[in-house]
Protein chains: 2
Amino acid sequence: MAKKIGVLLSGCGYLDGAEIQEAVLALYFLDRAGCEVVCLAPDKAQVDVVDHQAGTPVTERRNVRRESARIARGSVRDVAEVSARELDALVIPGGYGAAKNLCSFAADGKDCQVDPGVAKLVKDLHAAHKPIGALCIAPALVARLLGPDHAVELTIGDDAGTASAVVAMGARHVDRAVDAIAVDERNRVVTTPCYMLARGPAEVGAGIEKLVAKLVSWL
Amino acid sequence: MAKKIGVLLSGCGYLDGAEIQEAVLALYFLDRAGCEVVCLAPDKAQVDVVDHQAGTPVTERRNVRRESARIARGSVRDVAEVSARELDALVIPGGYGAAKNLCSFAADGKDCQVDPGVAKLVKDLHAAHKPIGALCIAPALVARLLGPDHAVELTIGDDAGTASAVVAMGARHVDRAVDAIAVDERNRVVTTPCYMLARGPAEVGAGIEKLVAKLVSWL
């Protein structure tokens with residue numbers, strides 16, 4: 001039977017939601033690997049809405065789950081209603097949505113809070129020794145949730161400020177090139193820098209292809 | 001010097017804009033092929049806005065170019081201001097946006113009107129013998145623009161109703177499987193069914209990978 005992989009989305013567009021190219025390339029490589037994908041998102045208002053042409057916030061309101069459905073091409077499950085028992089693994093694309101809507105890292109750095117539904121699912125998956133893949137800035141929320149007790153080894157690329165924030169939350173940070181992955185075998189966590197470093201979708205895809213291969217090797 | 005390929009977007013989300021997975025996979029394979037990509041869209045209101053979670057229209061208004069910038073990760077050029085001289089080729093992803101915002105095929109079928117900026121660019125590229133790749137339902141607007149004079153050979157998969165509409169506009173239709181392309185060497189037009197037939201992103205990617213390889217072979 002196909003392995004069932006959750007893909008945790010945070011909206012649709014890198015400035016206020018999930019990074020679209022990272023999300024789609026994760027779906028692509030998971031589908032190519034024969035996995036069944038289930039898209040998940042918190043059912044709540046986005047922290048903000050940003051005009052991606054101008055790069056500036058606007059006064060509109062949008063819902064994280066409804067916008068995520070644009071990437072998924074259909075129904076996205078409320079992350080608060082998904083049990084770790086239903087999934088074999090989880091992948092979390094980046095984009096500011098991961099640092100605004102899934103947790104408050106963009107505003108609060110190392111003192112960030114994580115959405116309760118996201119926190120429960122990630123902690124339960126980790127406790128069940130099920131693999132977690134995190135792209136771009138999403139490793140920050142994994143660092144926050146696993147904390148100093150698990151000292152997860154991960155990468156957000158090579159940005160010193162971001163790296164020191166994940167270390168302050170209890171993770172061990174390793175620099176990685178855009179097409180490389182950081183693998184923590186003990187915690188079953190795999191991470192790759194994507195648009196923390198990438199200049200375009202080919203580089204993003206190179207990292208995600210390796211991340212998915214590693215994730216699937218654990219199943 | 002890298003070849004410069006336009007990618008013509010029509011919003012962000014398959015029910016009211018560009019099909020996101022098709023658009024991203026086109027960007028991915030073009031980038032992997034070493035092309036420089038320029039994203040384009042009409043600068044106008046979307047015909048409608050659809051809640052992709054519920055599948056039903058809502059009363060909001062959104063701008064085609066601003067929403068397209070979510071996929072592009074930044075500035076999208078107004079298609080009306082781009083000359084065929086600037087591009088080596090054009091790729092048009094599908095989604096209802098191609099049949100609502102780029103032309104009126106979704107509402108008017110074979111009698112559809114094409115956005116003037118889109119019509120001028122596509123006709124000028126064709127006249128200059130520059131390649132055009134069209135995905136999913138986007139071949140319908142190519143059929144409309146080239147008409148019976150050029151009798152372009154293309155595919156929208158195997159849907160009989162859609163095929164008969166493109167034939168009524170003057171094209172020759174050939175059935176193709178989801179991972180195959182239809183190639184018109186004389187007109188330099190290449191098409192693939194994508195989500196007219198696909199069950200997921202791996203099938204979409206298989207067709208787009210072939211389409212990009214063919215497109216690039218003409219440059």
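None of these values were measured; they are calculated from a predicted model. Here is the naming used below: chain letters follow the sequence lines, and residue numbers restart at 1 for every chain.
- At a 4.5 Å heavy-atom cutoff, Ala23(B) makes no contact with chain A through either its backbone or its side chain.
- Heavy-atom distances place the side chain of Asp16(B), and not its backbone, under 4.5 Å from chain A.
- Salt bridge Arg199(A)/Asp31(B): absent, no basic N to carboxylate O contact under 4.0 Å.
- Summarising the local packing, OH of Tyr28(B) is surrounded by more than 12 heavy atoms from other residues, nucleotides or ligands at distances under 6.0 Å.
- Between Glu67(A) and Arg62(B) there is a salt bridge, with a side-chain nitrogen of the basic residue lying less than 4.0 Å from a carboxylate oxygen of the acidic one.
- Residue contact with chain B, scored on non-hydrogen atoms closer than 4.5 Å, is absent for Ala54(A).
- The two residues Val24(A) and Leu25(B) come nearest to each other via the heavy atoms CG1-CG, 4.3 Å.
- For the options Ala69(A), Gly17(A), Gly205(A), Gly95(A), heavy-atom pairs under 4.5 Å to chain B are most numerous at Ala69(A).
- Of all non-hydrogen atoms in Gln53(B) and Ser75(A), the two that sit nearest each other are NE2-OG, 3.6 Å.
- The contact between Val50(A) and chain B is made entirely by backbone atoms, counting heavy-atom distances below 4.5 Å.
- Note: Ile71(A) leads Asn63(A), Ile71(A), Leu15(A) in heavy-atom pairs under 4.5 Å with chain B.
- Between His52(A) and Arg66(B), the shortest heavy-atom contact is CB-O, 4.3 Å.
- Within the 4.5 Å cutoff, no side-chain heavy atoms of Arg70(A) are placed close to those of Tyr14(B).
- Using a 4.5 Å cut-off on side-chain heavy atoms (C-beta onward), Leu30(A) and Pro201(B) make no contact.
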